[in-house]
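One structure is given below, encoded as structure tokens.
Because the structure is a prediction, the values reported are computed rather than measured.
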Amino acid sequence: MENTESKLAGFVASVMDLFARRPETGRVGNWMRRGGVVFLILLIIMSILAFYWSREPKVFWVNSQSTTDGNSVTGYATADALAQVLNTLLDKPGGYLLNDIMPPSVFLDNIPNFEYGAVIQARDLIKAMRNDYGRSQSQSLEDPDLAGAEPKLQYQADKWILPSAESGLRAGIKLIESYRERISDSNAQDAQFFARADNLREWLIVVEKRLGGM
């Protein structure tokens with residue numbers, strides 16, 4: 001313990017010595033040396049942040065809600081997974097980086113590109129849920145939560161000025177979570193998830209086109 005404390009004290013003393021005024025170097029030389037030390041410290045801090053923020057988010061498990069009779073709620077896992085993906089984008093280390101204009105985020109590319117891909121996939125899924133999964137047929141009424149969530153996810157993904165991309169994503173998450181709770185409520189009959197093969201096919205066609213462009 002004493003050895004660690006002595007090393008720390010020595011490090012602090014060496015740093016303070018770098019900021020100490022040295023008459024032989026002149027005023028300009030002193031300011032240049034101090035400025036260089038400050039720049040080096042900021043560079044180290046930003047490098048550590050960049051490394052920490054660039055880590056891949058943890059894998060989450062898809063949840064399935066069950067009713068009192070043991071049957072799973074159709075559509076709950078899909079809605080819950082979509083909400084979890086969007087929450088991960090906003091709450092992971094560093095938060096949402098795609099629209100950051102300050103270092104070190106502006107110099108990163110892996111995580112912002114990952115975020116953009118996740119946003120595109122979320123947009124495709126919410127559109128499929130609004131147009132297909134959430135309605136019995138094309139002429140039926142669309143679900144109000146899904147109808148409200150889709151435009152919220154369409155905000156410019158790299159927009160930082162108000163309204164920011166984060167505000168749109170958070171508003172969309174609230175509507176998706178509201179829809180998720182409504183389809184799991186046996187007393188609410190106004191929310192449905194139609195897990196038909198033709199609905200799945202429509203969404204997979206979009207996914208196939210996205211993959212074809214990579």
Side-chain angles (χ1 to χ4, degrees), residues 53-65 73-102 105-106 108-136 138 140-195 199-200 202-204 206-207 209-210:
W53 291 352
S54 296
R55 296 189 306 169
E56 184 177 342
K58 293 182 179 179
V59 176
F60 64 83
W61 296 102
V62 177
N63 297 320
S64 59
Q65 179 75 7
V73 177
T74 302
Y76 185 94
T78 301
D80 183 68
L82 178 57
Q84 286 200 62
V85 167
L86 295 175
N87 276 317
T88 299
L89 292 180
L90 298 176
D91 300 332
K92 60 180 174 54
Y96 187 73
L97 304 179
L98 182 58
N99 63 346
D100 280 6
I101 59 173
M102 297 294 292
S105 307
V106 70
L108 303 179
D109 57 355
N110 288 345
I111 290 297
N113 286 332
F114 158 78
E115 292 174 343
Y116 183 70
V119 169
I120 294 299
Q121 289 299 317
R123 289 174 178 175
D124 291 342
L125 181 54
I126 193 63
K127 184 176 182 180
M129 292 172 65
R130 176 184 181 181
N131 294 337
D132 301 314
Y133 290 113
R135 58 205 309 178
S136 59
S138 59
S140 59
L141 294 176
E142 60 185 3
D143 185 271
D145 284 336
L146 298 179
E150 186 191 2
K152 297 299 183 183
L153 301 190
Q154 298 297 330
Y155 280 18
Q156 185 176 338
D158 59 352
K159 186 178 182 181
W160 62 272
I161 198 170
L162 297 177
S164 64
E166 290 96 332
S167 63
L169 292 177
R170 291 199 184 279
I173 291 171
K174 290 182 179 180
L175 292 170
I176 294 169
E177 290 177 342
S178 173
Y179 170 76
R180 179 192 63 189
E181 300 309 316
R182 285 167 53 228
I183 61 176
S184 60
D185 185 358
S186 58
N187 296 322
Q189 301 298 326
D190 60 333
Q192 300 291 331
F193 187 95
F194 298 95
N199 290 340
L200 177 61
E202 292 298 325
W203 176 63
L204 290 179
V206 177
V207 175
K209 290 179 180 179
R210 295 288 187 193

Give, for atom CD1 of Ile101 and atom CH2 of Trp160, the distance between the pair rounded to the nearest 0.5 Å.
4.0 Å
What's the verdict on side chain to side chain contact (heavy atoms under 4.5 Å, CB included) for Leu108 and Ser54, showing C-alpha distance, side-chain angles and the deciding distance?
CA-CA 8 Å; Leu108 303 179; Ser54 296; 3.7 Å; yes
Shortest non-hydrogen contact from Ser184 toward Val73:
CA-CG1, 3.8 Å
Distance in Å, Arg182 CZ paired with Tyr76 OH, rounded so as to fall on 0.5 Å steps:
14.5 Å
Which residues satisfy the ring pair (Phe, Tyr, Trp, His ring centres under 6.0 Å) test with Tyr96, sequence neighbours excluded?
none
Are Glu177 and Ile173 side-chain neighbours, meaning at least one heavy-atom pair lies under 4.5 Å?
yes
Do Thr78 and Tyr133 come within less than 4.5 Å of each other through their side chains, counting heavy atoms only?
no
Where is the tightest heavy-atom contact between Ala122 and Leu153, given as atom of each residue plus distance?
O-CD1, 4.0 Å
Name all residues meeting the side-chain hydrogen bond (donor to acceptor under 3.5 Å, both in side chains) criterion together with Lys127; count only those two or more places apart in sequence or in a different chain, and write none if there are none.
none
Taking atom NZ as the centre, does Lys174 end up with more than 12 heavy-atom neighbours from other residues, nucleotides or ligands that are less than 6.0 angstrom away?
no
Qualifying salt bridge (Lys or Arg N to Asp or Glu O under 4.0 Å) pairs, either residue in residues 79-97, two or more places apart:
Asp80-Arg180, Asp91-Arg170, Lys92-Glu115
Separation between CG (Leu97) and CG (Asp109), nearest 0.5 Å, reads 11.5 Å
Do you know the tightest heavy-atom contact between Asp158 and Leu98?
CB-O, 3.9 Å
Could you note down all residue pairs passing side chain to side chain donor-acceptor pair (under 3.5 Å) where residues 116-126 supplies at least one of them, sequence neighbours left out?
Asp124-Arg210
Would you say the side-chain atoms of Asn87 pair up with the backbone N or O of Ala83, donor to acceptor, closer than 3.5 Å?
yes
Please round to the nearest 0.5 Å and tell me the distance separating atom CG of Asp143 and atom CG of Asn131.
12.0 Å
What closest approach, in Å, do Tyr155 and Ser167 show between heavy atoms, and which atom pair accounts for it?
CE2-OG, 4.1 Å
List the steps and the verdict of side chain to side chain contact (heavy atoms under 4.5 Å, CB included) for Arg135 and Phe193.
CA-CA 7 Å; Arg135 58 205 309 178; Phe193 187 95; over 6 Å; no
Tyr179: ring pair (Phe, Tyr, Trp, His ring centres under 6.0 Å) partners, not counting sequence neighbours
none
For Ala165 versus Ala157, what's the shortest heavy-atom pair and its separation?
CB-O, 3.5 Å
Closest non-hydrogen atom pair between Ala147 and Arg130, with its separation
CA-NE, 3.5 Å
Below 4.5 Å, heavy atoms only, C-beta onward: do Ser140 and Gln192 meet side chain to side chain?
no
Apply side chain to side chain contact (heavy atoms under 4.5 Å, CB included) to Glu202 and list each qualifying residue two or more places apart in sequence or on a separate chain.
Asp132
Does a side chain donor of either Asn99 or Glu166 reach within less than 3.5 Å of an acceptor in the other side chain?
yes
Between Leu125 and Trp203, is there a side-chain heavy-atom distance shorter than 4.5 Å?
yes
Between CG on residue Leu146 and CD1 on residue Ile126, distance to nearest 0.5 Å:
5.0 Å
Nearest-0.5 Å distance that lies between atom CE in Met129 and atom CG in Asn199:
11.5 Å
